[in-house]
Amino acid sequence: MVRYISTRGEAPVLSFDEVVLTGLARDGGLYVPETWPQFSQDEIRSLASMNYADAAAFLLYPFIGDAISKSDFTAMTTKAYASFSHQAVVPLSQLGPNEFLMELYHGPTLAFKDVALQLLGLLYDHLLGSRGKRVTIVGATSGDTGSAAIDACRGRDAVDIFILHPAGRVSEVQRRQMTTVLDSNVHNIAVEGDFDDCQAMVKAMFNDLAFRDELAVSAVNSINWARVMAQIVYYFTVGVSLGSPDRAVSFSVPSGNFGDVYAGYAASKMGLPVEQLIVATNRNDILSRFFNSGEYRKSGVDPTISPSMDIQVSSNFERFLFDLHGRDGVAVSDLMSKLDTDGGFSVNMSLLNEGIFSAGSSSEDETLQTIQHTLQDSLKLVDPHTAVGLKVGAECRNHSDAPLVTLSTAHPAKFPDAVEKATGVHPELPGHLSDLFTREERLVQLPNDLSTVKSYIRERARILQAI
Ligand SMILES: Cc1ncc(COP(=O)(O)O)c(C=O)c1O
Ligand SMILES: N[C@@H](CCOP(=O)(O)O)C(=O)O
């Protein structure tokens, strides 16, 4: 059975059910599996005959152990992926010779976050229902996690959900997708700051052990291992449809919090032959600078037309650092303290040179041009995040014959202004969201101040009112 250890080495070792409900480790670290489940070539090949939900159950069950029965878990993956509008759940489209798009936006809120959050909502129900427990979810979003988490948790009796987003720094569609959900367990907070401020507040709430215990705080961000875990599946299914395990595949991943690309790294650790993992950033390029120089250094967050990637402190990067330093929790703690006190740290480039990662960034103009020429050349309308992945993928791919798959992380209609500016085409929202702009909104705007946000949450968390 896989157990979960903290990247800082000081928190209790947990089982899967505990890790899902716990979120951030009590030593401030992130949980990772103690060992990676391994899949043989024949097992990987066998995915070709499974539908997406069955492939998810097959690949993920080793992470779960006896926390949930196999039949209950299979029922959950079946239900989670029935909410997707495409039968293949994550279809592949071809852009050119050996060049593909993995369409991750066919879930209810039109971004890749649905792939994990539709499943996480069901995991919460199952794990809380069987214990008669309730939780208070506190999450930070730069636009997409928030709406996907709210969709997955709305109306669930065992959960109150508080989502912090940076005021004025998400697209109007993204904001409305969150703020027009009026269920009484949903609370939207617009913070007068950037995404890094929101994420730092969420982590600070977890690190206040009294607050977290009193409210039974839980995480829907990729702090939560289940988020990253669910994202591993599509690397395998798409790899297999392109010839894996007999052929290696490369992936270009639009990146911000490093969760999605870390899931690709996990897939490679589990046996999928991955030629390259290309980390694609917008001008908030801390990750790209790191992979090209070895220096991880914070700078201010700049608003861009790919707002979901306007991030400079990448939460899951700590999980990668843990492996890079031989799973030494003390070394990771030291680096994280340096990040807080000195604003950054460096690692020896020799640690990076042998890996499968490469990285680059896209300017605003390059992103717009990529949206435009992708429509012209391949008749495909892509969103600005996907365009960042396409631009950097083309630049960083090596000259092997491995197919290059760019992760298309959001539907173009979530970012109509940028898409229209690039192409003159106004992307329409799908039918279930067609009245989004006439729906009533509910949110509160709060200053970038931890104690104000904590008081707001304490006053509304039903878990406290019930005591
Ligand atoms: C549309 C979109 N693309 C890319 C990303 C970056 O993914 P990650 O934060 O997992 O690196 C995000 C946000 O997470 C997103 O919402
Ligand atoms: N881009 C994300 C930021 C949060 O990332 P997460 O994967 O840790 O939830 C968003 O859209 O909110």
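Numbering of ligands and ligand atoms starts at 1, following listing order. Just so it is clear, the structure is predicted and the values come from calculations on it, not from any experiment.
Taking a cut-off of under 4.0 Å to the non-hydrogen atoms of D144, the atoms of ligand 2 that pass are 10 (C), 11 (O), 12 (O). Taking every non-hydrogen atom of F258 and a distance limit under 4.0 Å, the qualifying atoms of ligand 1 come out as 8 (P), 9 (O), 11 (O). In summary, the atoms of ligand 2 found under 4.0 Å from a heavy atom of F195, numbered by their order in the structure, are 3 (C), 4 (C). Listed by number with element, the atoms of ligand 1 under 4.0 angstrom from any heavy atom of A410 are 1 (C). Close approach of ligand 1 to H385 (heavy-atom distance below 4.0 Å) involves ligand atoms 1 (C), 2 (C), 3 (N). Counting atoms of ligand 1 from 1 in the listed order, those under 4.0 Å from a heavy atom of S255 are 6 (C), 11 (O). Set against the non-hydrogen atoms of T141, the atoms of ligand 2 under 4.0 Å away are 10 (C), 11 (O), 12 (O). The G259 neighbourhood of ligand 1 comprises atoms 8 (P), 10 (O), 11 (O), with distances under 4.0 Å to a heavy atom of that residue.
For the ligand labelled ligand 2, residue R227 lies inside the 4.0 Å heavy-atom shell. Distances shorter than 4.0 angstrom do not occur between any heavy atom of Q174 and any atom of ligand 2. Heavy-atom separations between G256 and ligand 2 are all 4.0 Å or longer.
For F236 and Y52, the gap between ring centers reaches or exceeds 6.0 Å. Remark: aromatic rings of F63 and F16 are distant, center separation not under 6.0 Å. Taking the six-membered ring for Trp and the full ring otherwise, F320 and Y262 have centroids separated by 6.0 Å or more. Aromatic rings of F195 and H165 (six-membered ring for Trp) have centroids beyond the 6.0 Å cut-off, not under it. Taking the six-membered ring for Trp and the full ring otherwise, F112 and Y234 have centroids separated by 6.0 Å or more. Aromatic ring centroids of F162 and H187 lie under 6.0 Å apart.
Looking at ligand 1, you'll find an N or O of D260 within less than 3.5 Å of one of its N or O atoms. Residue contacts with ligand 1: D144 is placed with a nitrogen or oxygen under 3.5 Å of a nitrogen or oxygen of the ligand (distance criterion only). Considering backbone and side-chain N/O atoms, K113 comes within less than 3.5 Å of an N/O atom of ligand 1. Checked by distance only, ligand 1 and D383 stay at 3.5 Å or farther apart across all their nitrogen or oxygen atoms. On a distance-only criterion, G256 and ligand 1 share at least one N/O pair closer than 3.5 Å.
Protein heavy atom closest to atom 3 (N) of ligand 1, with residue, atom name and distance, is T409 OG1, 2.8 Å. Of the protein's non-hydrogen atoms, N257 N, 3.5 Å is the one closest to atom 8 (P) of ligand 1. Looking at atom 6 (P) of ligand 2, its nearest protein heavy atom turns out to be S222 OG, 3.4 Å.
Contacts with ligand 2 closer than 4.0 Å are made by no heavy atom of M309, backbone or side chain. With a heavy-atom cut-off of 4.0 Å, F112 touches ligand 1 through its side chain alone.
Salt bridge E10/R8: absent, no basic N to carboxylate O contact under 4.0 Å. Of the charged side-chain nitrogens involved, at least one lies within less than 4.0 Å of a carboxylate oxygen, so that D208 and K454 count as a salt-bridged pair. A salt bridge is defined here as a Lys NZ or Arg NE, NH1 or NH2 lying under 4.0 Å from an Asp or Glu carboxylate O, and D417 with K421 fails to meet this definition.
Of the options P254, S147, S142, the smallest heavy-atom separation from atom 1 (N) of ligand 2 is shown by S142.
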